[in-house]
Amino acid sequence: MDADVVIVGAGPVGMLLAAELALAGTHPLVLERLPAPADQPKARGLGVLATEALRRRGLGAALDEEHEKGLAALERDHGTTRTHFAWIHKVDPEAADPGRRGALIAQPALERLLRERLRDHGVEIRYGWTVTGCSEATDGVRLDVDTPAGPRRVDAGYVAGCDGGHSVVRKLSGFDFPGTDPLMTVRYAHAEVGNRSELPPPGRLPGGTLFHEDGLIAAFDFGDTVPDRSGPLSADEVRASVRRVAGVDVELGEFHGGLRFSDGARQAASYRRGRVLLAGDAAHVHSPNGGQGLNLGLMDAMNLGWKLAATIRGDAPAGLLDTYSAERHPAGAAVLHNTRAQSALLAPGPHVDALRDIVGDLLDLPEVNRYVSRLLSGVAQRYELPYPAGHPAAGLHCPPLIIDGSPLERLTTGGETLLLHPGAKDITTPLRVRALTVTTINDNRFGALLLRPDGVVAWAAAPGEEAPHLRSALEAW
Ligand SMILES: Cc1cc2nc3c(=O)[nH]c(=O)nc-3n(C[C@H](O)[C@H](O)[C@H](O)COP(=O)(O)OP(=O)(O)OC[C@H]3O[C@@H](n4cnc5c(N)ncnc54)[C@H](O)[C@@H]3O)c2cc1C
């Protein structure tokens, strides 16, 4: 056996999953087809849940530093620090749950942080290793891999496909991937535009939406939805798309490449088939509108890491690993749902123009703004618990708390299940639970709580109240 878990893909999701598995005492190995890390700019920020998860692992200071730079860049590019729904930049990201916030960090900077974390944990990433075959073997999974030194076979107890939207692991392992075809294709190019004065101002046009600024042009094209995706984006393809969207023949100076993506929305029917698991874009694809993909994938990794590690160590309660798909599939489906709504709101034409005006006005109402902010952040996404919840926060991700005068995140860097209870020393459990006797939790909702390694409130009691089901919660997780 080469590793407990082979993770295919050293994107942000694969790296976070590897870090979580190592933290929980197992041996992951990461295989990445690229010869070296790529600095492709994609996401520019993390949502509330992923930010809080990384803070709970001690990355808060690094995120804060990047956030300041990100705020300045957002203000410069969009004239506001509000986030958007279908490019209506009115959503207050802090309206979802006041006091909780995401972090603006460019995806390459986040990936650097995660690489450093893997180095600290002694986890190896093998670059230039492309997985081409995947089959279940006795007690494990066998992978065929093209490596710089020729073909190799790699054996692992489990395989996690974190290999992005075109996931080879997903295809080779027979996962169903139902969903909807794209309505639009976005082409995003780094190039100087020679005749920018001839372009209409950035915004909605008869064929879609156009954005341009110094060194960048992007066309949201509703007239060409099934492009040949086999090659890299070319200047000719961008010119043709701008012509369809804006009716202008754009002159492109030096072309520095770019990205092509669509709003096709698909999701694996289940995230587990035997010993093969999917996480991140490999499990779900959708348009980047509203900036949710990275957050969603990182939270897959947080949910899967401790469950898979416990299964490998042999101390997982029966069925624990199956709760990964059961909990994360609805979270993914909710994101696909709202990105489809955003695509509908981006379609060209006077009817959608009218609808956008109304949605824009509605977003000025605080309750509506809060509703959309909650949709995009996922903070209201509650996991079903196999016992009566008994407390409004049970099944939700825990907000930041101050525990006996210290931030919660100081207690969670080790990744254990955490029991915070005034009588913790009297509660016995054979499980790997770190039990701490607390006197104060700075939030008047909580007098005691049981926190899973992924930050989910598994059980809680209001101050001064005896809530039942603590024993059931300890046994379930
Ligand atoms: C333009 C753009 C803007 C975006 N903006 C946002 C945003 O603002 N907010 C947000 O949350 N999300 C955003 N996203 C989405 C976000 O970038 C993705 O959701 C995120 O990168 C998914 O991470 P991942 O690790 O699942 O997959 P990826 O980042 O795609 O990583 C997969 C890795 O697997 C490797 N791989 C693939 N096949 C193999 C193989 N056969 N063998 C070995 N390795 C393999 C790849 O080389 C790659 O390194 C944006 C995406 C785009 C394109």
Side-chain angles (χ1 to χ4, degrees), residues 4-5 7 12-28 30 46-67 99-103 105 109-123 294-295 297-310 312-313 315 396-421 424 429 431-443 446 448-460 474 477:
D4 290 329
V5 185
I7 293 166
V13 174
M15 288 196 283
L16 181 60
L17 177 59
E20 287 295 293
L21 285 164
L23 187 65
T26 62
H27 299 287
V30 186
L46 291 175
V48 171
L49 297 182
T51 302
E52 291 174 351
L54 296 181
R55 284 185 179 285
R56 285 193 298 270
R57 294 294 184 262
L59 296 179
L63 292 182
D64 288 342
E65 198 179 304
E66 293 291 333
H67 184 70
R100 299 174 74 175
R101 66 168 177 84
I105 176 170
L110 172 72
E111 292 182 14
R112 271 196 297 280
L113 273 183
L114 293 171
R115 270 196 299 278
E116 282 163 22
R117 192 163 168 80
L118 288 193
R119 246 195 322 270
D120 294 345
H121 281 302
V123 177
L294 186 54
N295 199 54
L298 292 175
M299 295 315 287
D300 291 346
M302 289 305 296
N303 190 292
L304 176 58
W306 67 279
K307 294 174 180 175
L308 185 52
I312 291 165
R313 288 193 313 258
D315 54 26
L396 296 176
H397 286 89
C398 191
L401 299 173
I402 302 291
I403 311 293
D404 289 340
S406 291
L408 172 67
E409 57 208 52
R410 292 244 182 97
L411 304 174
T412 51
T413 49
E416 300 114 322
T417 295
L418 192 62
L419 175 62
L420 302 166
H421 194 286
T429 165
L431 302 174
R432 284 163 62 108
V433 174
R434 183 171 173 214
L436 296 176
T437 301
V438 296
T439 48
T440 54
I441 300 179
N442 81 312
D443 182 310
F446 299 106
L449 79 152
L450 179 70
L451 202 64
R452 300 190 330 193
D454 55 358
V456 169
V457 177
W459 168 93
L474 283 165
W477 305 116

Can you name the residues that form a side-chain contact (heavy atoms from CB on, under 4.5 Å) with [X], not counting sequence neighbours?
X	result
E65	none
P12	Q107, L110, E111, L114, L294, L298
A19	R117, L118, H121

So, the side chain of [X] versus the backbone of [Y]: is there a donor-acceptor pair under 3.5 Å, distance only?
X	Y	answer
R55	L63	no
R56	D454	yes
D404	T439	yes
R101	T51	no
N295	L46	no

### Query
More than 12 heavy atoms of other residues, nucleotides or ligands under 6.0 Å from CZ of R410: is that the case?
no
### NE2 (H27) with more than 12 external heavy atoms under 6.0 Å
no
### Query
Should the pair D120-R115 be classified as a salt bridge under the 4.0 Å nitrogen-to-oxygen rule?
no
#### Entry: Ion pair R57/E409, N-O distance below 4.0 Å
no
### Query
With a 4.5 Å limit on heavy-atom distance, are the side chains of W477 and T417 in contact?
no
### Task
May I ask you to test the T412-L451 pair for a side-chain heavy-atom distance under 4.5 Å?
yes
Enter the distance from [X]:[atom1] to [Y]:[atom2] here, rounded to the nearest 0.5 Å.
X	Y	atom1	atom2	answer
I441	L408	CD1	CG	9.0 Å
I7	L17	CD1	CG	4.0 Å
L113	L16	CG	CG	11.5 Å
T26	W306	OG1	CH2	14.0 Å
L420	C398	CG	SG	8.5 Å
T440	F446	OG1	CZ	14.0 Å

### Audit row: V433, L418, side-chain contact (heavy atoms from CB on, under 4.5 Å) steps and yes/no
CA-CA 6 Å; V433 174; L418 192 62; over 6 Å; no
### Query
Would N442 and L401 count as a side-chain contact (heavy atoms from CB on, under 4.5 Å) if you check the C-alpha gap in whole Å, the side-chain angles of each, and the deciding distance to 0.1 Å?
CA-CA 6 Å; N442 81 312; L401 299 173; 3.9 Å; yes
